[in-house]
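Keep in mind the model is a prediction, meaning the values are calculated, not measured. Start at 1 and go down the list; that is how both ligands and their atoms are numbered. Numbering starts at 1 and runs along the sequence shown. Hydrogens, waters and symmetry mates play no part in the numbers below; they use all other heavy atoms, side chains included.
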Amino acid sequence: MKKKATVIGAGNVGATAAMRLAEKELADVVLIDVLEGVPAGKALDLAEAAPIEKHDAGIVGVTGDYSYARDSDIVIITAGIARKPGMSRDDLLATNMKIMHSVTREVAAVAPRAVLIVVSNPLDAMCHVAYEASGFPKSRVIGMAGVLDSARFRTFIAMELKVSVENTHAFVLGGHGDTMVPLPRYSNVAGIPITELLPPDRIAALVERTRTGGAEIVGLLKTGSAYYAPASAAVEMAEAILKDKKKILPCAALLTGEYGIKDLFIGVPVKLGEGGIEEVIEITLTDSEREALNRSADAVRKLVEDMKRLS
Ligand code: APR
């Protein structure tokens, strides 16, 4: 039976994710936004590319009508607003919390068995809102961060060593932001740890570029943030779930004691299958890696406290 994927937010990330879902024929796609005409227009444009791209995925776009999301297998949530000049971090957090809360309630009412992939920023905080607003089990609320951060790290490793990106593997844990924890020990090229291929100062430079990867793109684009790679990352997660691949990917998951962390969404390796997160994989960390993960958890905890203060 054909699967169904709904993408909330028909902006840059949402529309690109819809395109990739359709072109890979992973599911029929519904695009929902608050804007009049935009989701319908983008969906029609994507549908008109189908004869050339050779796929038969259905794509529809609607404004605010969640009945179209009924019984979706996957819902990717990209709705939100970007920070505008003069807007404080708290204003942005308060606005995006409200948006995430309302869209998740709408989704949960019509697609109670869906797996939610949260993309909107600040990511780890938005995962908490989606988890609470949906009432879904923790296995079905997953944040997209680690796949993107790892892909950025892999890109920089491949550029540095002049090898195929396909030969690279990398793990980035922790929160999505300045405190993310790239793990060079678990990052390799064709199985060879990068710690054996690059001197520590070059690894440190690649780690730093990964950490500031989002800001680097914002700096170049000037208006707006990255969307091709974020969309690819969300769709890789969706594919693992829709095809029940049991694929291990770094994702933001609600921890309940794993890694010594409780009640926080943090990026860790998880196994993704049709049930969403089927297992949190615990890998051994050195003392300094563990410290970095704890620092990252502290930053997420602070965001969650900020949200309580604002709500
Ligand atoms: N319901 C549905 N859609 C909404 C709502 C809402 N309540 N509020 C805003 N949106 C829509 C906007 O109308 C816009 O079309 O969300 C879309 C966001 O798209 P963009 O502004 O283009 O942002 P984008 O680059 O796609 O990023 C989306 O993903 O990577 C993160 O930080 C990024 O939080 C941001 C999100």
Side-chain angles (χ1 to χ4, degrees), residues 6-21 30-43 45-46 60-69 72 75-85 87 89 91-111 116-130 133-134 142-149 151-152 175-178 180 212-238 251-252 267 303:
T6 293
V7 181
I8 315 290
N12 283 334
V13 178
T16 311
M19 181 178 81
R20 300 213 200 289
L21 285 165
V30 177
L31 200 50
I32 302 182
D33 203 289
V34 278
L35 298 177
E36 279 303 327
V38 171
K42 291 195 181 182
D45 195 7
L46 285 169
V60 293
V62 293
T63 300
D65 186 349
Y66 281 79
S67 67
Y68 281 80
S72 294
V75 178
I76 298 178
I77 307 179
T78 74
I81 59 154
R83 189 157 162 182
K84 302 196 177 80
M87 196 176 198
R89 211 181 129 277
D91 292 342
L92 179 78
L93 186 60
T95 306
N96 279 347
M97 269 168 64
K98 280 196 202 103
I99 294 174
M100 183 58 64
H101 190 268
S102 77
V103 305
T104 310
R105 292 295 285 247
E106 299 268 17
V107 164
V110 293
L116 306 183
I117 299 178
V118 177
V119 177
S120 312
N121 275 317
L123 191 270
D124 310 276
M126 292 304 114
C127 290
H128 280 268
V129 177
S134 65
I142 315 170
M144 187 292 290
V147 176
L148 170 62
D149 296 328
R152 286 183 172 145
H176 189 44
D178 301 342
M180 71 175 74
T212 54
E216 183 177 0
I217 301 222
V218 171
L220 291 165
L221 294 180
K222 305 284 190 289
T223 55
S225 49
Y227 53 99
Y228 293 118
S232 293
V235 171
E236 184 179 29
M237 292 163 63
C251 300
L303 261 183

Say whether Val13, considering both its backbone and side-chain N or O atoms, lies within less than 3.5 Å of an N or O atom on ligand 1. yes

query = Tyr227 to ligand 1: N or O pair under 3.5 Å?
reply = no

Nearest protein heavy atom with distance in Å, relative to [atom]:
atom: atom 4 (C) of ligand 1; result: Ala79 CB, 3.5 Å
atom: atom 6 (C) of ligand 1; result: Val34 CG1, 3.5 Å
atom: atom 13 (O) of ligand 1; result: Asp33 OD1, 2.7 Å
atom: atom 21 (O) of ligand 1; result: Gly80 O, 4.5 Å

Are more than 12 heavy atoms, taken from residues, nucleotides or ligands other than Asp65, located less than 6.0 Å from that residue's CG atom? yes

Nearest heavy atom to atom 32 (O) of ligand 1, choosing from Asn121, Ile99, Val7, Ile77, belongs to Asn121

Min over Ala17, Gly11, Ala10 of heavy-atom distance to atom 20 (P) of ligand 1 lands on Gly11

Counting heavy atoms under 4.0 Å, the part of Leu35 that contacts ligand 1 is side chain

With heavy atoms and a 4.0 Å threshold, my read on which part of Asn12 contacts ligand 1 is both

Rounded to the nearest 0.5 angstrom, the CD1-SG distance for Ile117 and Cys251 is 8.0 Å

Rounded to the nearest 0.5 Å, the CE atom of Met126 sits from the OG1 atom of Thr78 at a distance of 13.0 Å

Distance-only donor-acceptor hits, side chain of residues 223-236, under 3.5 Å, sequence neighbours excluded:
residue	atom	partner	partner atom	Å
Ser232	OG	Arg20	NE	2.8
Ser232	OG	Arg20	NH2	3.3
Ser232	OG	Tyr228	O	3.2
Glu236	OE2	Lys247	NZ	2.9

Is Ile81 near ligand 1, meaning one of its heavy atoms is under 4.0 Å from it? no

Query - Main-chain N/O of His176 paired to Asp149 side chain as donor or acceptor, under 3.5 Å - result: no

Of Val30, Asp33, Leu21, the one forming a side chain to side chain contact (heavy atoms under 4.5 Å, CB included) with Val7 is Leu21

Quick note on ligand 1: atoms under 4.0 Å from a heavy atom of Val103 include exactly 1 (N), 6 (C), 7 (N)

Hits for side-chain hydrogen bond (donor to acceptor under 3.5 Å, both in side chains) against Thr63, two or more places apart or cross-chain, chain-then-number order -> none

Task: Sub-4.0 Å protein heavy atom next to atom 26 (O) of ligand 1 - done: yes

